Every structure is written in C-alpha cells, then in structure tokens.
Amino acid sequence: MEDCEPSLPIRVYTVIASIPEGKVTTYGTIARLAGAPRNSRQVGTILQRLPKDSKLPWFRVVNSQGKISLTGPDYIRQKKALLADGVLFTRSDRINFKIYGWPD
DNA sequence: GCAATGACTTGGT
DNA sequence: CACCAAGCCATTG
C-alpha cells in the first residue's frame, strides 16, 4: 500500500543528522529541507523536546541572524559544542556563516 | 475540538 | 546593533 509520509519530527531529525561537522544551519532552512518551509517554529519546538542524550547535532542549529536562540546555561552548552566543532564567532556572538543548505 | 504555546522569521523603527 | 509587531502553523492540554 501507500507509505505514509514521515511525520514532521522524523523529517526534521533526518535533516539535522545530515548537517556536516563544522557547519551550522538555521531553523528556517531545516524547515525548508524537510518540505515544510513555513514551519521554522515547529523545528524549534521539536528540538526543545529532544532527549538530552540525543545523538543528533542539535547544537548546529541557529536562528536566521546567525545567533544562538537558547539562553542561560543552554546557551553556554551550545556555544561550547560549536567551538569544539570548529565554528567561529564574531565579537557579538554571531556565527561565522558556514551554512548547510543555505539558499543560493 | 479549540485556545494557548513557541530553540522562528521578516520587516520596520 | 537593539527592540518591537505581525505573520506563521503543528503540537499541546
């Protein structure tokens, strides 16, 4: 019979898993690559609900301004993970745009 | 079934 | 650069 299309969380997981080491991408880009271009907010919600022991590179996801959307301790954790991943920041905590799936 | 929620985005000031 | 308003829409309770 007909295969059901995978749910949005599943498609989002797949896209995030494909982000190369040393690069980052945005919520909006993930939504676009997952076939739901208007659902950037859902991408954020899905990431928030990820188990803390997830093997997905959730830390490679930033907002459209190239900044980390998390705050407080979570912000620190993501920034450390990105630095360890080889991602550079500008003086105002902006990510150096090495974007995966960026629209050309 | 419906209103509230939100790790977003764009555009304006 | 910082902040605010409106648009967006699947998921939650």
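What you see is a predicted model, and the numbers here were worked out from it, not measured in a lab. Side-chain atoms are counted along with the backbone in the values below, which use heavy atoms only and exclude waters and symmetry mates. Throughout, protein chains are lettered first and strands after them, A, B, ... in sequence-line order, and every chain is numbered starting at 1.
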OP1 or OP2 of B/dA7 under 4.0 Å from side-chain N/O of A/Ser69: no

Nearest listed nucleotide, side chain of A/Leu47, among B/dA7, C/dC1, C/dA2: B/dA7

Taking every non-hydrogen atom, the tightest pair across A/Ala17 and A/Leu56: CB-CD2, 3.7 Å

Per-nucleotide protein contact string for nucleotides 6-13 of chain C (B base, S sugar-phosphate only, - none; heavy atom under 4.0 Å): -BBBBSS-

Euclidean distance, atom CD of residue A/Gln65 to atom P of B/dT10 [Å, nearest integer]: 9 Å

Closest non-hydrogen atom pair, A/Ser69 against A/Asn63: OG-ND2, 3.2 Å

Separation of atom CG in A/Leu70 from atom P in B/dA7, rounded to whole Å: 8 Å

pair A/Ile95-A/Lys67: side-chain heavy atoms closer than 4.5 Å: no

Side chain to side chain donor-acceptor pair (under 3.5 Å) assessment of A/Tyr27 paired with A/Asn39: CA-CA 8 Å; A/Tyr27 301 93; A/Asn39 290 31; over 6 Å; no

A/Leu83 CG to A/Phe89 CZ distance, which is reported to the nearest 0.5 Å: 5.0 Å

Nearest heavy-atom neighbours spanning A/Phe59 and A/Gln78: O-NE2, 3.0 Å

Residue A/Arg38 excluded, over 12 heavy atoms near CZ under 6.0 Å: no

For atom CD1 of A/Ile16 and atom P of B/dA7, their distance in whole Å: 14 Å

Sugar-phosphate, base or nothing in reach of A/Arg94, heavy atoms under 4.0 Å: sugar-phosphate

For DNA chain B, the residues among residues 52-63 of chain A that have a non-hydrogen atom under 4.0 Å from it: A/Trp58, A/Asn63

Carboxylate-amine/guanidinium proximity below 4.0 Å for A/Lys79 and A/Asp93: yes

Touch class at under 4.0 angstrom, heavy-atom based, for A/Ser92 against every strand present: sugar-phosphate

